[in-house]
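As structure tokens, the structure follows; a few thoughts come after it.
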Amino acid sequence: MGLREHVATELERTRRRSAVLTDAVDDADLIRQHSPLMSPLVWDLAHIGNQEELWLVRDVGGREPVREDIDHLYDAFQHARRDRPQLPLLNPAEARAYVATVRDKVLDVVDRLPATADPARRLVQDGFAFGMIVQHEQQHDETMLATHQLRAGPPVLAADPPPASAAPVGGEVLVPAGAFDMGTSTEAWALDNERPAHRVDVPAYYIDAAPVTNAQYAAFVDAGGYDDSRCWTTVGWQHRVSAGLTAPLHWTRDSGEWHATTFGRTAPIVPDSPVVHVCFHEAKAYATWAGRRLPTEAEWEKAARHDPATGRSRRYPWGDDDPTSLHANLGQRHLTPAPVGAYPLGASPLGVHQLIGDVWEWVDSDFLAYPGFSAFPYREYSEVFFGGDYKMLRGGSFGTDRAACRGTFRNWDHPIRRQIFSGFRTARSVSPSELA
């Protein structure tokens, strides 16, 4: 498939998902703010179109603006999410008409893409600008999916159940000491914070073979972990108390059993599925309670990409091929994490499972630039967030699309956030006696 066909296919595939998420509810639900943490769905839809217009119609295509008058309404830096319902936003019909008009102009730009690469235009090299917009829309699709999870009312989304576990997966895996190549300098659609590739020396460590499950986390809750300040950092305990945290978001007790509400459906938790909707502080408290810790970002990526047989870093745990339904739970194919052991073909060479998909995994690292980082194509994508109150998440979730997920992809959020599809796995350092 040529570049033009690939770009057009990805744009259309992504727009179909946006349509599913916005067509599933009526206009009142599109306009309503379902949580102060989230934008109205209609804002996300028009914002998707506005970013596409700014970058692909005006910048890459050099075309006249479609709706220059609305740029300020859909600038995420100008208006906090909680304030967006008060803006004079496009209504649902106007938003749909706007994104359709923009897309028609973008496809005209795609038709005029050069057949060969133009090194003088880095923005269009290997279709980067188009890939950036595909990823941007998919990221907002995942955000809209999270809004659906917070929405009150009967279910409106449907999906097939995830596959069952193919084999029991548990325990920990030893990752030997040594350097590996972290990040990338070659992935065509990688974003600036993933670049450049650089060598990182990592001491030996153990990492969970699978994410922490509902059953494991329920044991922490039932053992009084939320009442024991010794499990929590000072900041984490302050947040637990002030926010009144007692269990993962969407968990409730019913007849002595834990239940979870997922997209309007309440059912008993699935014991061997990864726990989801926990914040960084909860993940770290569990790890402390279990006598372990969270992995660092470098440890997570080495477990996910390093091939000890060849010494090279793969694109994904299973190799360099793009994800399929046999490798990982991605793309809203299932509206829940899959049980651990459901994707044996997605395991790393060392036998670490489900590093891609299912749940974003909190790691104990701040969001910082890699050595040699260069902002591209704009500072506001990554650079303005470096060094702030952000913790890293890696690996994607069941709501992350394959276009916006790879072994080098970096996500970040405030450590108190748990409306996102976030879980974790634990790690531990190798003791001196084990090294002897």
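Both backbone and side-chain heavy atoms feed into the values below; hydrogens, waters and symmetry mates do not.
The residues R4 and D111 are annotated as not salt-bridged, no charged nitrogen and carboxylate oxygen being separated by less than 4.0 angstrom. Between E282 and R240, none of the side-chain N atoms (NZ, or NE/NH1/NH2) sits under 4.0 Å from a carboxylate O, so this pair counts as no salt bridge. A salt bridge does not link R418 to D413: none of the charged nitrogens lies less than 4.0 Å from a carboxylate oxygen. With respect to the salt-bridge test (charged N to carboxylate O, under 4.0 angstrom), the residues R15 and E137 qualify. A salt bridge does not link D320 to R305: none of the charged nitrogens lies less than 4.0 Å from a carboxylate oxygen. Salt-bridge formation is detected for the pair D322/R315: a Lys NZ or Arg NE/NH1/NH2 atom is positioned less than 4.0 Å from an Asp or Glu carboxylate oxygen.
A distance-only check finds a donor-acceptor pair linking the side chain of Q354 to the backbone of P339 [under 3.5 Å]. Using modelled atom types, no side-chain atom of R67 and backbone atom of V102 make a donor-acceptor pair closer than 3.5 Å. Side-chain atoms of S165 come within 3.5 Å of backbone atoms of V340 as a donor-acceptor pair (strictly under, hydrogens ignored). Not one N or O on the side chain of D254 forms a donor-acceptor pair closer than 3.5 Å with the backbone of E257.
A distance of 4.0 Å separates CG in D366 from NZ in K391, rounded to the nearest 0.5 Å. Atom CG of residue D83 and atom OG of residue S39 lie 10.5 Å apart, to the nearest 0.5 angstrom. We find the CZ-OG1 distance between R81 and T143 to be 5.5 Å, quoted to the nearest 0.5 Å. From S229, atom OG reaches atom CD of Q238 across 11.5 Å, with rounding to the nearest 0.5 Å. L45 CG to T22 OG1: the interatomic distance, rounded to the nearest 0.5 Å, is 5.0 Å. Taking CZ of F130 as the reference point, atom CG of L113 lies at 4.0 Å (rounded to 0.5 Å).
Of all heavy-atom pairs spanning S348 and L355, the tightest one is CB-CD1, 4.3 Å. The two residues Q139 and Y381 have their closest heavy-atom pair at NE2-OH, 3.6 Å. The two atoms that bring T288 and R230 nearest to each other are CG2-O, 4.1 Å, heavy atoms only. Residues A369 and F386 come closest through the heavy atom pair CB-CE1, 3.4 Å. Considering all non-hydrogen atoms of both residues, P40 and R84 come closest at CD-CB, 4.2 Å. Taking every heavy atom of both residues into account, S35 and L150 meet most closely at CB-CD1, 3.7 Å.
A heavy-atom distance below 4.5 Å is found between the side chains of P377 and M132. The closest side-chain heavy-atom distance from F421 to T400 is not below 4.5 Å. Looking at L41 and L21, their side chains never come closer than 4.5 Å, going by heavy atoms from C-beta outward. Within the 4.5 Å cutoff, no side-chain heavy atoms of H259 are placed close to those of W251. Side-chain contact between V57 and V109: absent, with no pair of heavy atoms (C-beta onward) separated by less than 4.5 Å. At a threshold of 4.5 Å between non-hydrogen side-chain atoms, the residues Y217 and V278 count as touching. Side-chain contact between L294 and F280 is present, with heavy atoms from C-beta onward closer than 4.5 Å. F77 is listed as a side-chain neighbour of E380, based on a closest heavy-atom distance under 4.5 Å.
Checking H140 against D44 by side-chain atom types alone, a donor-acceptor pair falls below 3.5 Å. Side-chain contact of E297 with S365: a donor-acceptor pair under 3.5 Å is absent, judged by distance alone. Remark: the D222 side chain and the W258 side chain contain an N/O donor-acceptor pair separated by less than 3.5 Å. Looking only at atom types and distance, the side chain of S18 has a donor-acceptor partner in the side chain of D141 under 3.5 Å away. Donor-acceptor pairing under 3.5 Å is recorded for the side chains of R17 and Q332. The closest side-chain donor-acceptor pair between D192 and S382 falls under 3.5 angstrom. Side-chain N/O atoms of S397 and E142 include a donor and acceptor closer than 3.5 Å. When only modelled atom types and interatomic distance are considered, H6 and T9 share no side-chain donor-acceptor pair under 3.5 Å. If you check the side chains of Q135 and W189, you find no donor sitting under 3.5 Å from an acceptor.
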Notebook entry, point to check: What do the steps show when you test S273 against N214 for side chain to side chain donor-acceptor pair (under 3.5 Å), and what is the final call?
Noted result: CA-CA 6 Å; S273 287; N214 286 321; 5.0 Å; no

Check: Passes salt bridge (charged side-chain N to carboxylate O under 4.0 Å, His left out), E53 versus R63? Steps please.
Finding: CA-CA 9 Å; E53 180 188 353; R63 306 298 201 272; over 6 Å; no

Margin query: I'd like to know whether T184 forms a side chain to side chain donor-acceptor pair (under 3.5 Å) with E194, so could you lay out the CA-CA distance, the side-chain angles of the two residues, the decisive distance to 0.1 Å, and finally the verdict.
Written below: CA-CA 6 Å; T184 180; E194 301 171 65; over 6 Å; no

Margin query: Please determine whether side chain to side chain donor-acceptor pair (under 3.5 Å) holds for the pair D364 and T296, giving the CA-CA distance in whole Å, both sets of side-chain angles, and the decisive distance to 0.1 Å.
Written below: CA-CA 5 Å; D364 202 352; T296 65; over 6 Å; no

Margin query: Would H239 and L245 count as a side chain to side chain contact (heavy atoms under 4.5 Å, CB included) here? Give the steps.
Written below: CA-CA 8 Å; H239 175 66; L245 304 184; 3.7 Å; yes

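The aromatic rings of Y226 and F220 sit tilted, their planes meeting at an angle between 30° and 60°. Aromatic ring pairs are classed by plane angle as parallel below 30°, tilted from 30° to 60° and perpendicular above 60°; the pair H47 and H136 is tilted. Classified by interplanar angle (parallel below 30°, tilted 30° to 60°, perpendicular above 60°), the ring pair H277/H250 is perpendicular. Using cut-offs of 30° and 60° on the angle between ring planes, the pair W43 and Y74 is tilted.
With sequence neighbours excluded, the residues that form a salt bridge (Lys or Arg N to Asp or Glu O under 4.0 Å) with D71 are R58.
Within 6.0 Å of the CZ atom in R16, the count of heavy atoms belonging to other residues, nucleotides or ligands exceeds 12. Under a cut-off of 6.0 angstrom, the local environment of CZ in R82 is sparse, with at most 12 non-hydrogen atoms contributed by other residues, nucleotides or ligands. Counting heavy atoms of neighbouring residues, nucleotides and ligands inside a 6.0 Å radius, atom CD of E64 does not exceed 12 of them.
Screening residues 396-405 for salt bridge (Lys or Arg N to Asp or Glu O under 4.0 Å), with sequence neighbours left out, gives E10-R402, R13-D401.
A ring-centre distance under 6.0 Å is not found for Y343 and H327.
Within the cation-pi definition used here (under 6.0 Å to the ring centroid, within 45° of the axis), R394 does not qualify as a partner of F409. A cation-pi arrangement is present between R410 and Y370 under the rule of less than 6.0 angstrom and at most 45 degrees off the ring axis.
The only member of V7, L56, L3, V60 that meets side chain to side chain contact (heavy atoms under 4.5 Å, CB included) when paired with V110 is V7. With F424 as the fixed residue, the ring pair (Phe, Tyr, Trp, His ring centres under 6.0 Å) test singles out one of W300, W360, Y286: Y286.
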